[in-house]
2 protein chains.
Amino acid sequence: MEKYKNIGLKLTPQRLAVLQYLEGNKSHPSAEDIYRAVKRRFPTISIATIYNILESLKEKGLVQELNIDPYKKRFDPDTTSHHHLICTKCGRIVDIEMDFNPSLPENEGFRVERIHMEFYGVCKDCSSKGK
Amino acid sequence: MEKYKNIGLKLTPQRLAVLQYLEGNKSHPSAEDIYRAVKRRFPTISIATIYNILESLKEKGLVQELNIDPYKKRFDPDTTSHHHLICTKCGRIVDIEMDFNPSLPENEGFRVERIHMEFYGVCKDCSSKGK
DNA sequence: CTGGCTGCAAATCTTTTGCATCCTG
DNA sequence: CAGGATGCAAAAGATTTGCAGCCAG
């Protein structure tokens, strides 16, 4: 993959596989999800390698870590500023586009650098299923 | 503590101790933090009991669980709708008061029930320390 | 060729579970 | 006095670490 040549990381097959799995992925997968997916192509890959790769991609700004799920970290290849809808029934996480730039009234001297909004609710599927 | 008589839970000394520790507490403690604090008064209390108590308090709407910290859950006795400033240097979490009720343009059929905003940045102390 | 990367196993940390005993209502 | 609550130990998950061997640049 040409486009990854200049990210400052060695392009190992494992790293490429993770990058390709994440590319355009909107499912907010956990490390385990990524592990299972990449394992199909690299049966010997280790979960520790997945964590290593995610850590280096995070440092390079190619993924961001989401703390939305109380049970595990989720990873998002979309590093632009965006927010999330979280279904409290099925746990599904969906991106939401919205412009939002509140001028934070000075608060405790904080210098705000990033805003993340979480909209908790019930998704269409769960609503219609009466769940 | 009179005020806790009608919450529909047996008022054991351990539960009261947790409730008292949490009352007005703005530090967003983890289960471990609460355990250490309560242990001073009840040296035999178990961490499992802390988790049990927090679970029942959560069910009764007396605390809410925060997924802000990637390493562990945090608990907040303030169950009213409010948002948080998170210092990316020292990890401190501070409440922020602000009215915010965006009418979510229909999004994927979600019925939004609760909004939580996270403002990541650097707190006054860390700024001045040049951290 | 060499430093960064991988794979494996063991360790760590948080949270949960099973169960016998206890004590509030 | 009965059912919920506690305390202990062990289990379960997620993530991290140590280290020997490997391979991309």
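Within every chain, numbering begins at 1; the chains are lettered A, B, ... in the order of the sequence lines, protein sequences first and strands thereafter.
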Report task. Quickly work out the Ile7(B) CD1 to dG4(D) P distance and round it to whole Å. Result ->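 Taking atom P of dG4(D) as the reference, CD1 of Ile7(B) is at 16 Å.
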Report task. Under 4.0 Å from any atom of DNA chain C, heavy atoms only: list the residues of residues 42-55 of chain A that qualify, in numerical order. Result ->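 Hits under 4.0 Å, by residue number: Thr44(A), Ile45(A), Ser46(A), Ala48(A), Thr49(A), Asn52(A), Ile53(A).
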Query - salt bridge (Lys or Arg N to Asp or Glu O under 4.0 Å) partners for Arg74(A), two or more places apart - result: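 If we apply the salt bridge (Lys or Arg N to Asp or Glu O under 4.0 Å) test to Arg74(A), skipping adjacent residues, the hits are Asp69(A).
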Query - Residues that His84(B) engages under ring pair (Phe, Tyr, Trp, His ring centres under 6.0 Å), provided they are two or more places apart - result: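 In terms of ring pair (Phe, Tyr, Trp, His ring centres under 6.0 Å), with neighbours along the sequence ignored, His84(B) is linked to His28(B), His82(B), His116(B).
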Do the non-hydrogen side-chain atoms of [X] and [Y] ever get within less than 4.5 Å of each other?
| X | Y | answer |
| --- | --- | --- |
| Ile47(A) | Asn52(A) | no |
| Pro29(A) | Asn25(A) | yes |
| Lys73(B) | Ser30(B) | no |
| Thr49(A) | Ser46(A) | yes |

Report task. Measure the angle between the two terminal helix axes of the helix from dC1(C)-dG25(D) to dG25(C)-dC1(D), five base pairs each, and quote it to 10°. Result ->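 Inter-axis angle at the termini of the helix from dC1(C)-dG25(D) to dG25(C)-dC1(D): 40°.
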Write out all pairs satisfying salt bridge (charged side-chain N to carboxylate O under 4.0 Å, His left out) with one or both partners inside [range], taking only residues at least two apart or from two chains.
| range | value |
| --- | --- |
| residues 31-40 of chain B | Glu32(B)-Arg36(B), Asp33(B)-Arg36(B) |
| residues 75-85 of chain B | Lys26(B)-Asp78(B) |
| residues 54-63 of chain B | Glu55(B)-Lys58(B), Lys58(B)-Glu65(B) |

Query - Flag for Gln20(B)-Tyr4(B): side-chain donor and acceptor within less than 3.5 Å - result: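 On atom types as modelled, these side chains do not qualify, holding no pair under 3.5 Å.
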Query raised in the report: Under 3.5 Å, is there a donor-acceptor pair linking the side chains of Ser81(B) and Arg114(B)?
Result: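 Looking only at side-chain atoms, Arg114(B) and Ser81(B) do not form any donor-acceptor pair under 3.5 Å.
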Query raised in the report: What ring pair (Phe, Tyr, Trp, His ring centres under 6.0 Å) pairs are there with at least one residue in residues 31-71 of chain B, not counting sequence neighbours?
Result: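 For residues 31-71 of chain B, and leaving out neighbouring residues, there are no ring pair (Phe, Tyr, Trp, His ring centres under 6.0 Å) pairs at all.
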Query raised in the report: For Leu66(A), what are the other residues in its hydrophobic cluster, where any two members join if their side-chain heavy atoms are less than 4.5 angstrom apart?
Result: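 Once heavy-atom contacts under 4.5 Å are chained together, Leu66(A) belongs with Ile68(A), Ile86(A), Ile93(A), Tyr120(A).
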Query - Residues within residues 58-74 of chain A bordering DNA chain D, heavy-atom distance below 4.0 Å - result: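 Result for residues 58-74 of chain A: Tyr71(A), Lys72(A), Lys73(A), sorted by number.
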Report task. Over all heavy atoms of both residues, which pair between Cys87(A) and Val122(A) is shortest? Give the atoms and the distance, please. Result ->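 Shortest heavy-atom separation between Cys87(A) and Val122(A) comes out as SG-CA, 4.0 Å.
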Query - His83(B) versus Ile115(B), closest heavy-atom pair with distance - result: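 The pair with the smallest heavy-atom distance is CE1-O, 3.5 Å.
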Enumerate all atom pairs, one protein N or O and one N or O from nucleotides 23-25 of chain D, separated by less than 3.5 Å.
| residue | atom | partner | partner atom | Å |
| --- | --- | --- | --- | --- |
| dG25(D) | OP1 | Leu11(A) | N | 3.1 |

Query - Start and end of the DNA chain C segment that chain B contacts, any atom under 4.0 Å from a heavy atom - result: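 Here the contact window of chain B covers dT14(C) to dG25(C).
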